[in-house]
Amino acid sequence: MSLQSVRQFFADNAPDIEVIELSQSTATVALAAAAHNVAPGQIAKTLSLKVKNEVILVVAKGDARLDNKKLKEAFGAKARMLSSDEVVTVTGHPVGGVCPFGLENPLAVYCDVSLREFEEVLPAAGAIHSAVRISPERMATLTDATWVDVCQ
């Protein structure tokens, strides 16, 4: 269902963007970078966080690390990562396939400025073997994301 919801999202909002499906897993940044023959930073990882009582998604370049101090400054509270079960329940996507597209529930999406280093990034597309190629700016526009600086 998750891959299908992402396909439907692009059919409705950006039919020119093709969902790429590979036979091998792209569930980690390293696996995805190798499979797509790109630098690890070009993989756009989607992190599911809980801040206060709200679940948010932060999309960042694959080799970036969250900076707890910047997170707290940006969101006014400490953030915690969701468990695997919580991620699936809230996003509808499996861990390794989480992306800001075709979500089970509407969530606030934030794109870290680290993504702007690249003309094109590859976020997952709802499954552990899928992705899309998209510019960071277009991804932010399609997901109504807010730009933040929360990574080291």
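Side chains are part of it too, since the values below use all heavy atoms of this structure and drop only hydrogens, waters and symmetry mates. When a residue number appears, it is its place in the shown sequence, counting from 1.
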- Message: Let me confirm one number: the SG-CG distance from C151 to L47, rounded to the nearest 0.5 Å.
- Response: 7.5 Å
- Between the side chain of E104 and the main-chain N/O of H93, is any donor-acceptor distance below 3.5 Å? no
- Query: So, S5 versus Q8: side-chain donor-acceptor pair below 3.5 Å or not?
  - Reply: no
- Message: When you compare the side chain of L66 with that of V150, does any pair of heavy atoms fall below 4.5 Å?
- Response: yes
- Taking the side chain as every heavy atom from C-beta outward, state whether V121 and I134 have any pair of such atoms under 4.5 Å apart. yes
- Can you list the steps and then say if W147 with D112 is a side-chain contact (heavy atoms from CB on, under 4.5 Å)? CA-CA 6 Å; W147 287 98; D112 185 74; over 6 Å; no
- Passes side-chain contact (heavy atoms from CB on, under 4.5 Å), Q24 versus H129? Steps please. CA-CA 6 Å; Q24 71 265 42; H129 60 278; over 6 Å; no
- Message: I'd like to check D149 versus K70 (side-chain heavy atoms, cut-off strictly below 4.5 Å). Are they in contact?
- Response: yes
- Query: Are I128 and I43 connected in a single hydrophobic cluster, I mean Ile/Leu/Val/Met/Phe/Trp/Tyr linked by side-chain heavy atoms less than 4.5 Å apart?
  - Reply: no
- Message: Can you confirm whether more than 12 heavy atoms, excluding those of N37, are under 6.0 Å from its CG atom?
- Response: no
- Could you grab the distance from atom OG of S48 to atom CG of L107, nearest 0.5 Å is fine? 7.5 Å
- Using modelled atom types only, decide if a donor and an acceptor are shared between the side chain of S2 and the backbone of G126 within a distance under 3.5 Å. yes
- Task: Decide yes or no for F101 and V132: does some side-chain heavy atom of the first lie under 4.5 Å from some side-chain heavy atom of the second?
- Result: yes
- Task: Answer yes if L31 and L122 sit in the same cluster of Ile, Leu, Val, Met, Phe, Trp and Tyr residues linked by side chain heavy atoms under 4.5 Å apart, and no otherwise.
- Result: no
- For the pair R138 and D16, evaluate salt bridge (charged side-chain N to carboxylate O under 4.0 Å, His left out) and give the outcome as yes or no after the intermediate values. CA-CA 12 Å; R138 186 151 187 221; D16 58 305; 2.7 Å; yes
- Validation row: L103, T143 side chains within 4.5 angstrom (heavy atoms): no
- Message: Let me check something: do V148 and L49 share a hydrophobic cluster, defined by ILVMFWY side-chain heavy atoms less than 4.5 Å apart, either directly or through other members?
- Response: yes
- Item | Hphob cluster co-occupancy, M139 + V38, side-chain heavy atoms under 4.5 angstrom | no
- Item | Considering all heavy atoms, the nearest T26-A35 contact | CG2-CB, 3.7 Å
- Is there a side-chain contact between L3 and E21 (heavy atoms, below 4.5 Å)? yes
- Message: Is the shortest side-chain heavy-atom distance between L142 and I17 below 4.5 Å?
- Response: yes
- Determine, step by step, whether V109 and V59 satisfy the side-chain contact (heavy atoms from CB on, under 4.5 Å) criterion, reporting the C-alpha distance in whole Å, the side-chain angles of both residues, the deciding distance to 0.1 Å, and the verdict. CA-CA 8 Å; V109 177; V59 187; 4.3 Å; yes
- Item | Donor-acceptor under 3.5 Å (N105 side chain, V90 main chain) | yes
- Decide salt bridge (charged side-chain N to carboxylate O under 4.0 Å, His left out) for R80 and E86; before the verdict, give the C-alpha distance in whole Å, the side-chain angles of both, and the deciding distance to 0.1 Å. CA-CA 12 Å; R80 78 162 178 88; E86 289 173 312; 3.0 Å; yes
- May I ask whether V58 and L115 are part of the same hydrophobic cluster, defined by side-chain heavy atoms of I, L, V, M, F, W, Y residues being less than 4.5 angstrom apart, directly or through others? no
- Do V51 and K78 come close enough that some side-chain heavy atom pair is under 4.5 Å? no
- Item | Identified side chain to side chain contact (heavy atoms under 4.5 Å, CB included) partner of V6 from the options P123, S130, C99 | C99
- Query: Between CZ of R133 and CD1 of I20, what distance do you get to the nearest 0.5 Å?
  - Reply: 5.5 Å
- Task: Might you confirm whether atom CD of E119 has over 12 heavy atoms from other residues, nucleotides or ligands at distances under 6.0 Å?
- Result: no
- Query: Between S114 (side chain) and K61 (backbone), is there a donor-acceptor pair under 3.5 Å?
  - Reply: yes
- Task: Return the orientation label for the F75 and Y110 ring planes: parallel under 30°, perpendicular over 60°, tilted otherwise.
- Result: perpendicular
